[in-house]
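Reminder, nothing fancy here: chain letters follow the sequence lines and each chain counts from 1.
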2 protein chains.
Amino acid sequence: MSEQEKLDQARERVIETVSQNMNLYGIAPSIGRLYGMLYFKNTPMTLDEMKEELGMSKTSMSTSVRSLLELKMVEKVWKKGSRKDQYRAEEDWHQTFVDLFTTKWRPSISMNIGAIEKSIKEMEQIITEKTADAEVLNAAKADINKLYEALAYYDWLGRLVDSFESGEIFNLVPKEKNE
Amino acid sequence: MSEQEKLDQARERVIETVSQNMNLYGIAPSIGRLYGMLYFKNTPMTLDEMKEELGMSKTSMSTSVRSLLELKMVEKVWKKGSRKDQYRAEEDWHQTFVDLFTTKWRPSISMNIGAIEKSIKEMEQIITEKTADAEVLNAAKADINKLYEALAYYDWLGRLVDSFESGEIFNLVPKEKNE
DNA sequence: TAGTTTGTACAGTAAAAACTGTACGAACTG
DNA sequence: CAGTTCGTACAGTTTTTACTGTACAAACTA
């Protein structure tokens, strides 16, 4: 085996596990592989180069790159003399991590809080109307308690995401191991 | 619309959004719905009751419950007089959150670190052997630098998960909002 | 012991997601 | 202006994942 092949194989191993890891965050494996591949390139790539490298369609590259752009895991770079768009992988994984959760979690947190608040209101209405029979009334009361708990959780989660976004998290868990 | 229906509808809304939220963590929607449904029940359920409630097969309930058990999102409870297994939803979502990441992330972190360390070794070998040409050599050197960065990230991520597991995270981001 | 009931493995089917090829608008080139 | 090139929308196909029904082992019951 040539030295080049050895190097490729060593890269490949990392790309594969990183891709699996990203899959854990809801990123499709093929998108993960694309990111991994870009990560090792020291120069930005065009869609056609990616297509060539991964043996996939240009359409796939286009949509995959868009996903990665939305997650801020790649950025478009301008390169003079080329009409083609060029893309480079974001290399700071701490930042990537923070962006990922900010992007994906925050909208979900808002939605959950919204749904819960709405349902609490409706349940409180059931109680104040006093037309419901005892069984339904008790169920509503129990549900309201649960939903306040849930609300507290999502509030906490929102503050956790805040600490990611502000970088405060790195005070508690520093980037550099202190030995 | 009866009060009962109003209550069901309010529950349903929350179950649906919670389910979507769980989907974000790589949990299939139908499993999320099962969890949501269990969450609102104030008494443990059997597989047959779940099957009835969700209109799905018992096999699905069996496998879904197993997934939730692995994530520690439900627990099996013993109920005297019943031969059937009974399951109850874990209600502490802070705990659930912590368990989820501990369970899902830690193995992945180890795998990544393992793969990266192995690849670093192979790349260092390429360099020390001195048979590779200049181009390959430089590529190997660049890759090694990137991999040390990656290693630092996964180390950080491991320590983040530690802080979840130990509960230290709740010092930085307290459960109760301090007003 | 024979007869139930319960949970799950496994194979097959249905549903969803990923991927491709064609086609076309937009932006450039001469 | 006509002729290219580039990126992506969209429809169709392939692959993967989710779900079901059957069948069976284990645990119980009488």
Applying side-chain hydrogen bond (donor to acceptor under 3.5 Å, both in side chains), can you list everything that pairs with [X], at least two apart in sequence or on another chain?
X	value
E12(A)	none
T43(A)	none
Q20(A)	none

Whole Å only: how far is the [atom1] atom of [X] from the [atom2] atom of [N]?
X	N	atom1	atom2	value
D48(A)	dC6(D)	CG	P	6 Å
M50(B)	dT6(C)	CE	C1'	13 Å
L34(B)	dA18(D)	CG	C1'	14 Å
W78(B)	dC28(D)	CH2	P	12 Å
E49(A)	dC6(D)	CD	C1'	14 Å
N23(B)	dA18(D)	CG	P	10 Å
L47(B)	dA9(C)	CG	P	12 Å
M45(B)	dG7(C)	CE	P	13 Å

For each nucleotide in nucleotides 22-30 of chain C, reading 5' to 3', give B when a protein heavy atom comes within less than 4.0 Å of its base, S when such contact involves only the sugar-phosphate, and - otherwise. B----BSS-

Residue-phosphate contact under 4.0 Å: K84(B) side-chain N/O, dG7(C) OP1/OP2: no

OP1 or OP2 of dG7(D) sitting under 4.0 Å from any side-chain N/O of K58(A)? yes

If the condition is side chain to side chain contact (heavy atoms under 4.5 Å, CB included), which residues does T102(B) pass it with, not counting sequence neighbours? V98(B), R106(B), V161(B), E165(B)

Kindly write out the residues that satisfy side chain to side chain contact (heavy atoms under 4.5 Å, CB included) with L151(B), not counting sequence neighbours, or none if the list is empty. I113(B), I116(B), E117(B), I120(B), Y148(B)

Donor-acceptor contact below 3.5 Å, side chain N112(A) vs main chain S108(A): yes

Counting side-chain heavy atoms from C-beta on, which of dT8(C), dC6(D), dA9(D) comes nearest to S62(B)? dT8(C)

Protein-nucleotides 16-19 of chain C N/O pairs closer than 3.5 Å?
from    : atom 1 : to     : atom 2 : distance (Å)
dC19(C) : OP1    : S30(A) : OG     : 3.2
dC19(C) : OP2    : S30(A) : OG     : 2.6

Contacts under 3.5 angstrom, residues 26-36 of chain A side chains, donor-acceptor by atom type, not counting sequence neighbours:
from   : atom 1 : to     : atom 2 : distance (Å)
Y35(A) : OH     : E90(A) : O      : 2.5
Y35(A) : OH     : W93(A) : NE1    : 2.8

Please confirm whether K76(B) makes a cation-pi placement over Y87(B), using NZ or CZ under 6.0 Å from the six-membered ring centre and within 45° of the ring normal. no

List, one per line, each side-chain donor-acceptor pair under 3.5 Å for residues 139-147 of chain B, sequence neighbours excluded.
from    : atom 1 : to     : atom 2 : distance (Å)
D143(B) : OD1    : R11(A) : NH2    : 3.4
D143(B) : OD2    : R11(A) : NE     : 2.6
D143(B) : OD2    : R11(A) : NH2    : 3.3
K146(B) : NZ     : Y39(A) : O      : 2.6
K146(B) : NZ     : N42(A) : OD1    : 3.0
K146(B) : NZ     : E91(A) : OE2    : 3.4

